[in-house]
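The structure appears right after this line, and notes come after that.
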Amino acid sequence: MATTSQKSASPLLVVLAFATVYIVWGSTYFFIRMSEQGGMPPFLLGAIRFTIAGALLMGWCIIKGEKIFVKRDIINAAVTGILLLLVGNGIVIWAEKTLPSAMVAIMVSSAPIWFVLLDKPNWNTNLRNKSTIVGLIIGFAGVILLFSEQLQVVFSGGGAAMLPWMLLLLFGSISWSYGSLYAKHRPSTGSASVSTAWQMLIAGFVYLPISVVHGEFKGLNLGSIQTTGWLSVLYLIVFGSIAAYNAYVWLLQVRPATQVSTYAYVNPVIAVILGVVFAHENISLIQLAGLFVILASVLLINLAKYRKEKLVRLNELDLVK
């Protein structure tokens with residue numbers, strides 16, 4: 001992969017994009033579970049979610065007059081979409097049928113570590129950055145601390161049966177990280193929205209035959225799917241895919257990958273906070289400690305980036321003077 005320079009972007013847009021990815025994706029664990037409990041099969045969920053979201057976003061790009069059919073961009077989008085949305089996200093959807101959401105969140109939160117290890121063009125920068133490495137380690141430890149009480153319950157009930165699913169989730173996390181880096185180092189010649197639309201459309205189409213092979217259409221009655229299931233799918237389409245995924249793809253173009261990857265640490269925090277605020281769940285002192293540890297890790301990961309950018313701005317001001 002060839003290295004690419006960061007595109008300039010409005011600080012306000014960057015903050016809004018991070019907030020969208022942090023908050024919305026933190027809520028998707030809950031809505032994926034709600035859609036499946038409402039009777040929606042997992043791979044059909046992926047097909048419906050990404051095909052509709054991709055079609056809506058592509059329609060918007062066509063209305064704006066953007067260039068849609070660029071062969072190289074479509075090929076890159078296909079690879080990215082399959083790695084991220086089919087393999088990475090598909091495994092999460094599938095695993096949530098069996099594993100507790102706490103276990104899923106922990107395994108998915110290993111993504112920032114893979115971002116650093118797989119980003120070979122930036123090894124010289126990332127692996128020499130002590131605050132980044134320490135932040136990654138502390139962040140993952142914080143996620144484990146956050147869900148430590150649930151983990152004790154899970155493993156006391158026979159955690160060995162969950163090992164294959166945990167390994168599968170680990171593979172999905174690696175696939176997501178590599179797909180993100182693939183997209184970052186092979187930027188689209190068009191807008192991020194066009195690339196995102198192709199990624200979702202292609203992944204959505206591939207989900208369909210997998211759903212058929214998995215036997216999800218046998219005896220399927222769409223009318224039996226509960227209203228909560230359909231509303232959850234609608235939320236995942238509009239907010240989880242069109243808003244948050246589009247923001248994520250854009251952030252990969254304008255911010256360092258290690259910084260963007262912090263979503264995997266913050267999402268579980270948001271999930272816990274939403275549970276406390278809206279579901280009136282209790283939060284323990286251990287969970288509070290985990291929250292603070294995770295937030296501290298995100299600060300560490302971004303600290304060196306902020307210092308470097310500040311130094312660059314100061315040098316630019318000196319040159320102007």
Side-chain angles (χ1 to χ4, degrees), residues 6-32 34 49 53 56-57 60 84-85 88-89 92 101 105 108-109 111-112 115 131-132 135-136 138-140 142-143 146 176-177 180 183-184 191-193 195-197 199-200 232 234-279 281 283 287-288 290-310:
Q6 301 293 332
K7 295 181 180 179
S8 59
S10 163
L12 177 59
L13 288 178
V14 171
V15 170
L16 289 174
F18 267 112
T20 302
V21 173
Y22 283 173
I23 297 171
V24 173
W25 274 359
S27 67
T28 53
Y29 293 102
F30 171 77
F31 284 100
I32 289 172
M34 286 290 291
R49 172 184 176 181
L56 290 173
L57 189 57
W60 174 246
L84 270 68
L85 302 178
N89 191 261
V92 169
S101 57
V108 171
S109 68
F115 266 88
S131 64
T132 297
L136 289 170
I138 291 177
F140 191 63
V143 174
L146 179 65
W176 180 278
S177 301
S180 299
K184 181 174 183 62
S191 70
S193 296
S195 177
T196 302
Q199 290 173 35
M200 291 192 290
S232 297
L234 180 62
Y235 178 89
L236 291 169
I237 290 171
V238 176
F239 296 100
S241 295
I242 294 178
Y245 187 69
N246 199 37
Y248 177 76
V249 172
W250 180 75
L251 280 172
L252 285 173
Q253 295 184 7
V254 301
R255 304 305 299 168
T258 50
Q259 195 175 40
V260 179
S261 72
T262 55
Y263 79 90
Y265 290 160
V266 180
N267 286 169
V269 175
I270 298 299
V272 170
I273 292 174
L274 290 176
V276 172
V277 174
F278 294 104
E281 297 175 355
I283 185 168
Q287 287 178 313
L288 277 174
L291 293 178
F292 283 115
V293 168
I294 292 169
L295 295 177
S297 77
V298 174
L299 178 62
L300 271 174
I301 292 170
N302 290 298
L303 189 59
K305 302 294 180 185
Y306 292 141
R307 285 176 175 172
K308 183 178 179 181
E309 290 172 1
K310 185 177 180 180

Rounded to the nearest 0.5 Å, how far apart are [atom1] of [X] and [atom2] of [Y]?
| X | Y | atom1 | atom2 | answer |
| --- | --- | --- | --- | --- |
| Ser261 | Leu251 | OG | CG | 11.5 Å |
| Asn267 | Ile294 | CG | CD1 | 10.5 Å |
| Thr20 | Leu13 | OG1 | CG | 10.0 Å |

Return the minimal non-hydrogen interatomic distance between [X] and [Y], and the atom names on each side.
| X | Y | value |
| --- | --- | --- |
| Ala244 | Val21 | O-CG2, 3.6 Å |
| Val92 | Val108 | CG2-CG2, 3.7 Å |
| Ser232 | Met34 | OG-CB, 3.2 Å |
| Ala192 | Asn246 | O-OD1, 3.8 Å |
| Phe18 | Arg255 | CE1-CG, 4.1 Å |

Non-neighbouring partners of Ser191 that pass side-chain contact (heavy atoms from CB on, under 4.5 Å), sequence neighbours left out: Glu66, Ser193, Val194
List for me each residue that meets side-chain contact (heavy atoms from CB on, under 4.5 Å) alongside Ser241, sequence neighbours excluded, and say none if there are none. Arg49, Phe50, Ala53, Met200
Among all residues two or more places apart in sequence or in another chain, which pass the ring-ring contact (aromatic ring centres under 6.0 Å, His included) test with Phe31? Tyr235
Result for side chain to side chain contact (heavy atoms under 4.5 Å, CB included) between Leu236 and one of Ile32, Val24, Ile242 points to Ile32
When you check the side-chain N and O atoms of Thr196 and Tyr248, is any donor under 3.5 Å from an acceptor? no
Any non-hydrogen side-chain atom of [X] less than 4.5 Å from a side-chain atom of [Y]?
| X | Y | answer |
| --- | --- | --- |
| Asn89 | Leu84 | no |
| Thr262 | Tyr22 | yes |
| Tyr245 | Val249 | yes |
| Val14 | Trp250 | yes |

Is it true that atom CZ of Phe239 has more than 12 heavy atoms of other residues, nucleotides or ligands lying nearer than 6.0 Å? no
Trp25 and its ring-ring contact (aromatic ring centres under 6.0 Å, His included) partner, picked from Phe30, Tyr263, Tyr265: Tyr263
